[in-house]
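Below is one structure, written out as structure tokens, with a few remarks after it.
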Amino acid sequence: MSMARRLLQEALELDERERATLTLQLMDTLSPPDARDEAAWLAEIERRAHRALSGQSRGVDVDDAVDRIERDLGL
């Protein structure tokens with residue numbers, strides 16, 4: 001089992017307050033978002049929303065999306 005998986009398993013055993021505190025502490029270690037990146041993400045979200053609302057994109061089932069993310073992250 002990977003170190004990240006072991007840490008996740010241990011973190012999930014914490015109570016909600018401890019998990020929230022740990023989450024904030026981990027997020028503080030990440031680089032702050034670049035405003036250009038944020039603008040690009042907003043544009044992408046708007047593009048995808050438009051495609052979904054117009055019927056151009058079928059989307060992906062949430063369970064399938066979570067499974068794919070976990071697989072890609074090795075979880």
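What you see below is based on every heavy atom in this structure, not just the backbone, and it leaves out hydrogens, waters and symmetry mates.
When all heavy atoms of A65 and V60 are compared, the closest pair comes out as N-CG1, 4.0 Å. Contact detail for S2 and G74: the closest heavy-atom pair is OG-O, 4.4 Å.
Heavy-atom contacts from other residues, nucleotides or ligands closer than 6.0 Å to CZ of R47 number more than 12. Residue E70 qualifies as enclosed at atom CD: its count of foreign heavy atoms under 6.0 Å is above 12. The local environment of CD in E16 is sparse, with at most 12 non-hydrogen atoms from other residues, nucleotides or ligands closer than 6.0 Å.
One finds no salt bridge joining D15 and R17 here, because no Lys/Arg side-chain nitrogen approaches an Asp/Glu carboxylate oxygen to under 4.0 Å. No salt bridge links R6 with E10; every basic N to acidic carboxylate O contact stays at or beyond 4.0 Å.
Using a 4.5 Å cut-off between side-chain heavy atoms of Ile, Leu, Val, Met, Phe, Trp and Tyr, with links allowed through other members, L73 and L26 fall into different hydrophobic clusters. Following chains of ILVMFWY side-chain contacts shorter than 4.5 Å, one cannot reach L12 starting from M3, and the two form parts of different hydrophobic clusters.
Note: W41 CH2 to R48 CZ = 6.0 Å, rounded to the nearest 0.5 Å.
Checked by atom type and distance alone, the side chain of R19 pairs as donor or acceptor with a backbone atom of L14 at under 3.5 Å.
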Assess whether side chain to side chain contact (heavy atoms under 4.5 Å, CB included) is satisfied between D72 and R68, documenting all intermediate values.
-> CA-CA 6 Å; D72 289 352; R68 179 178 173 192; 3.8 Å; yes
